[in-house]
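Because the structure is predicted, anything quoted here is derived from the model rather than measured. Each ligand, and each atom within it, is numbered from 1 in the order the structure gives.
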Amino acid sequence: MGYIEPAPIKDKENPLDSMMSRFDEATRLLGITEEMYNILKIPAKQVVVGLPVTLDNGKIKVFEGYRVIHSNILGPAKGGIRFAPDVNIDEVKALAAWMTWKCAVVDIPYGGAKGGVACNPREMSEGELERLMRAYTNAMLSVFGPDRDIPAPDMGTGQREMAWLMDEYSKAHGMTIHAVVTGKPVVLGGSLGRLEATGRGVMVCALAGMERLKINPYKSTCAVQGFGNVGSFAAKLLHERGVKIIAISDISGGYHNDKGIDIDEAMQYIAKNSGTLEGYKGAEKISNEELLTLKADVLVPAAKEDVIDEEIAHKMQCKLIVEGANGPTSAKADPIINEKGILAVPDILANAGGVTVSYFEWVQNRLGYKWTQERVNRRSDRIMKEAFDKVYETMKQYNVSMRIAAYIVAIDKVAKTYQYRGGY
Ligand code: GLU
């Protein structure tokens, strides 16, 4: 079946190649038809916009913005907006497809989408970022909607940007529409627990993985790459459950201490030090590669895509990988990790805690009601644990990696739903 041959993997993989080669493998194992393969592969909608924004110096700069709706088969599309210098349409396409599979794995009623704007938020003032986010929202007025496509934060965006988006969208409609976006500040209809939700889901998956591998959390060590919203909370919550965090990192480099890093102290340090670990004294400085290949029981890559390539994979010494980031492992690294017997809990499962609590936020907005943090945590922990168990069982059943098992669970669900809904 020519159409289902694995996509050739180029020398330098990009996230879209990585996503497609796993997708191809899972569709082959599921015996998906050619028609269904194309339905699930080709994004439902791709929007590219030019966004003229007045900078603080009075000059106008045009930024390129993207929104890709990969699928709306399971429900309205859902996915974050990324502000980063190297965002491009292929990356957004991969990230949108990952959202489809992620929502399906945790069984929430959403399709997948992703947005992005090519910009460097670190070099922009608050005013410039606000004008950019409002321009992007205006350009996407006919795309977004509580029943159409619901954005959320991703790399380079957070609560502040979601508040601007909600305000701009609401103004255009002449009424307050909370449910158009998730990841908002709590005072503006955000959900309790959303901020730490992705890190919390990583923690649940890490503990579930340790249980399967018979690793006692109180005797275990963990290295966390990336100390943003995902990595910092994953580290903090694992630390609270007895796991010794021996390394952390951010764009300033890696920090290693075999005696364990005090995560609360590191979080306080970063908050006071304009968002970076630069100059952190609680550990010795190491490189990114050293962090990824440290002798630790658990590795949580929670930074960006394709950080674990073949070379790194060969040198890895951990027993369990829990992917906090989207796409941190390149497809070429997968077989090496599998051969080494490392259990890799894939991104579309491990970091799905964020979108799960986004779903709770949307539900609360539509109910006009607020849940307690305890209810949010209890329900999201249950969803994450059930999804982990289902993917783990599928891994055994098909005798594949946990990653391919997660794709199998997701693709099977979306394909079956499509069959019920029917096409044109
Ligand atoms: N950007 C996050 C992700 O990649 C969250 C998406 C959402 O909450 O909609 O999962």
Undergrad: If we ignore angles and hydrogens, is there a donor and acceptor under 3.5 Å between the side chains of E64 and Y66?
TA: yes

Undergrad: To which protein heavy atom is atom 7 (C) of ligand 1 closest, and what is the distance rounded to 0.1 Å?
TA: A152 CB, 3.3 Å

Undergrad: Give the numbers and elements of all ligand 1 atoms closer than 4.0 Å to a heavy atom of K114.
TA: 1 (N), 3 (C), 4 (O)

Undergrad: Against heavy atoms of D154, which atoms of ligand 1 measure under 4.0 Å?
TA: 1 (N), 2 (C), 4 (O)

Undergrad: Could you tell me whether the side chains of N351 and E323 share a donor-acceptor contact shorter than 3.5 Å?
TA: no

Undergrad: Which heavy atom in I246 sits nearest to a heavy atom in H256, and how many Å separate them?
TA: O-CD2, 3.1 Å

Undergrad: Say whether P151 and ligand 1 are in contact under the criterion: heavy-atom distance to a ligand atom below 4.0 Å.
TA: no

Undergrad: Would you mind running through ligand 1 and noting each atom that sits below 4.0 Å from a heavy atom of K102?
TA: 3 (C), 4 (O), 10 (O)

Undergrad: Can you spot which of N338, D334, I337 makes a side-chain contact (heavy atoms from CB on, under 4.5 Å) with S401?
TA: N338

Undergrad: Mind checking whether R194 contacts ligand 1 via backbone (N, CA, C, O), side chain (CB onward), both or neither, at a 4.0 Å heavy-atom cut-off?
TA: side chain

Undergrad: Please give me the minimum heavy-atom distance between V117 and V87, naming the atom from each residue.
TA: O-CG2, 4.0 Å

Undergrad: Judged by modelled atom types alone, do K102 and N326 share a side-chain donor-acceptor pair under 3.5 Å?
TA: yes

Undergrad: Give the residue and atom name of whichever protein heavy atom lies nearest to atom 9 (O) of ligand 1, and the separation in Å to one decimal.
TA: K78 NZ, 2.8 Å

Undergrad: When you measure from the heavy atoms of M155 to every atom of ligand 1, does any distance fall below 4.0 Å?
TA: no

Undergrad: Y136: which residues meet the side-chain hydrogen bond (donor to acceptor under 3.5 Å, both in side chains) condition with it, sequence neighbours left out?
TA: none

Undergrad: If we only consider heavy atoms of G79, is any one of them less than 4.0 Å away from an atom in ligand 1?
TA: yes

Undergrad: Which of the listed options, A113, G354, A77, P153, holds the heavy atom that is closest to atom 2 (C) of ligand 1?
TA: P153

Undergrad: Any N/O of S358 closer than 3.5 Å to an N/O of ligand 1?
TA: yes

Undergrad: Just heavy atoms, cut-off under 4.0 Å: does N326 contact ligand 1 by side chain, backbone, both, or neither?
TA: side chain

Undergrad: Residues two or more places apart in sequence or in another chain: which of them pass side-chain hydrogen bond (donor to acceptor under 3.5 Å, both in side chains) with T100?
TA: H70

